[in-house]
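Counting starts at 1 for both ligands and their atoms, following the listed order. Just the heavy atoms: all of them, side chains too, but no hydrogens, waters or symmetry mates, feed the values below. All residue numbers in this chain count up from 1 along the given sequence.
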Amino acid sequence: MAVAVCPGSFDPPTNGHVDIVERAARLFDHVIVAVLHNPDKAPLLSVDERVKLLGAALSHLPGVEVDSFEGLLVDLAKERGANVIVKGLRSTSDMGYELQMAHINAALAPGTDTVFIAAAPAWSFVSSSMVKQVASYGGDVAPFVPPVVAEALSRHFTARPPAGGGKV
Ligand code: PNS
């Protein structure tokens with residue numbers, strides 16, 4: 001059985017992420033979408049929230065599960081019997097960093113291959129950080145993220161007091 005892990009921060013998940021996982025699900029028997037818990041970073045959405053949102057956005061894919069991890073990706077891959085890492089590539093500017101990670105992971109765990117899937121042109125300009133920025137200023141992120149994510153972002157930003165405490 002071909003098992004692949006599709007790791008990321010997913011803060012928040014975007015339509016680009018969903019597209020990559022859908023296509024990975026056509027290539028592999030089982031795909032584990034792995035949300036990184038990075039204690040050094042303050043994310044917008046908690047790991048639990050990201051796992052739930054991905055679960056909802058990917059519920060139409062029977063061979064896909066969503067998990068979270070902390071530490072090295074290759075340790076998760078070994079634990080879960082995955083010898084392929086799937087990453088999406090949006091542009092040549094993604095490549096330097098992605099190749100570096102692929103080589104490090106292959107050196108840490110020989111036999112682990114990274115497979116890159118070219119992002120669909122429609123999503124090649126969409127990033128989690130841009131989506132966060134647009135949502136934080138009240139912009140409409142519906143074209144870029146699954147509906148559940150748009151709802152979560154809207155809840156998140158309307159629950160927050162405006163920057164500067166709302167003073168004029
Ligand atoms: O969505 P991102 O932020 O580009 O994903 C990055 C991710 C989660 C794939 C990467 O940071 C990662 O694998 N982190 C776990 C730590 C690790 O294994 N580091 C060694 C490879 S660089």
Side-chain angles (χ1 to χ4, degrees), residues 2-25 27-28 30-58 61 64-136 141 143-146 148-150 152-153 156:
V3 181
V5 61
C6 189
S9 304
F10 304 108
D11 186 36
T14 67
N15 287 343
H17 292 131
V18 171
D19 176 54
I20 296 297
V21 178
E22 282 174 346
R23 289 157 66 201
L27 297 170
F28 301 98
H30 189 62
V31 176
I32 301 158
V33 177
V35 179
L36 174 67
H37 172 62
N38 183 349
D40 298 332
K41 271 196 184 172
L44 176 70
L45 304 174
S46 71
V47 171
D48 281 354
E49 203 168 1
R50 283 176 271 163
V51 168
K52 275 195 197 120
L53 291 172
L54 280 164
L58 301 170
L61 300 169
V64 172
E65 71 165 286
V66 185
D67 198 357
S68 62
F69 76 108
E70 197 173 342
L72 288 177
L73 173 60
V74 290
D75 288 341
L76 173 82
K78 191 173 167 196
E79 237 170 68
R80 303 299 312 272
N83 57 1
V84 174
I85 294 166
V86 171
K87 295 296 307 267
L89 271 188
R90 283 169 305 186
S91 65
T92 50
S93 59
D94 279 348
M95 282 200 61
Y97 180 60
E98 292 296 343
L99 272 180
Q100 198 181 2
M101 282 200 286
H103 291 311
I104 297 266
N105 285 328
L108 289 172
T112 303
D113 287 311
T114 298
V115 169
F116 294 111
I117 297 182
W123 311 125
S124 61
F125 63 95
V126 175
S127 68
S128 295
S129 51
M130 292 279 175
V131 165
K132 264 187 282 200
Q133 194 177 90
V134 171
S136 73
V141 294
F144 316 123
V145 297
V148 280
V149 175
L153 290 174
H156 192 88

Item to check | Asp19 vs Arg23, salt bridge (Lys or Arg N to Asp or Glu O under 4.0 Å): CA-CA, chis, key distance, verdict | outcome: CA-CA 6 Å; Asp19 176 54; Arg23 289 157 66 201; 2.9 Å; yes

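When heavy-atom distances to ligand 1 are checked against a 4.0 Å cut-off, Asn105 comes that close only through its side chain, counted from C-beta outward. If you look at Lys87 next to ligand 1, the close heavy atoms, those under 4.0 Å, all belong to the side chain. Under 4.0 angstrom from ligand 1, the non-hydrogen atoms of Leu36 all belong to its side chain.
For atom 7 (C) of ligand 1, the nearest protein heavy atom lies 4.0 Å away or farther.
Considering all non-hydrogen atoms of both residues, Ser68 and Val47 come closest at CB-CG1, 3.4 Å.
At the top of the distance list for atom 19 (N) of ligand 1, counting protein heavy atoms only, stands Leu72 CD2, 3.9 Å. Of the protein's non-hydrogen atoms, Gly8 CA, 3.5 Å is the one closest to atom 5 (O) of ligand 1. Counting only heavy atoms of the protein, atom 10 (C) of ligand 1 lies nearest to Met101 SD, 3.8 Å. In this structure, the protein non-hydrogen atom closest to atom 15 (C) of ligand 1 is Gly71 O, 3.4 Å.
A salt bridge is defined here as a Lys NZ or Arg NE, NH1 or NH2 lying under 4.0 Å from an Asp or Glu carboxylate O, and Asp94 with Lys87 fails to meet this definition.
Within the 4.5 Å cutoff, the side chain of Lys132 has heavy atoms near those of the Pro12 side chain. Looking at heavy atoms from C-beta onward, Leu89 lies in side-chain contact with Glu98 at the 4.5 angstrom threshold. In this structure, the side chains of Leu27 and Val86 stay at 4.5 Å or more apart for every pair of heavy atoms. With contacts defined as side-chain heavy-atom distances shorter than 4.5 Å, the pair Thr14/Val149 does not qualify. You'll find the side chain of Thr114 stays beyond 4.5 Å of the side chain of Met101, heavy atoms only.
Backbone and side-chain nitrogen or oxygen atoms of Phe69 are examined, and none is located within less than 3.5 angstrom of a nitrogen or oxygen of ligand 1.
Comparing Ser9, Ser128, Ala109, Ala107 against atom 3 (O) of ligand 1, the shortest heavy-atom distance belongs to Ser9.
When each atom of ligand 1 is checked for a heavy atom of Leu73 under 4.0 Å away, the hits are 13 (O), 17 (C), 18 (O).
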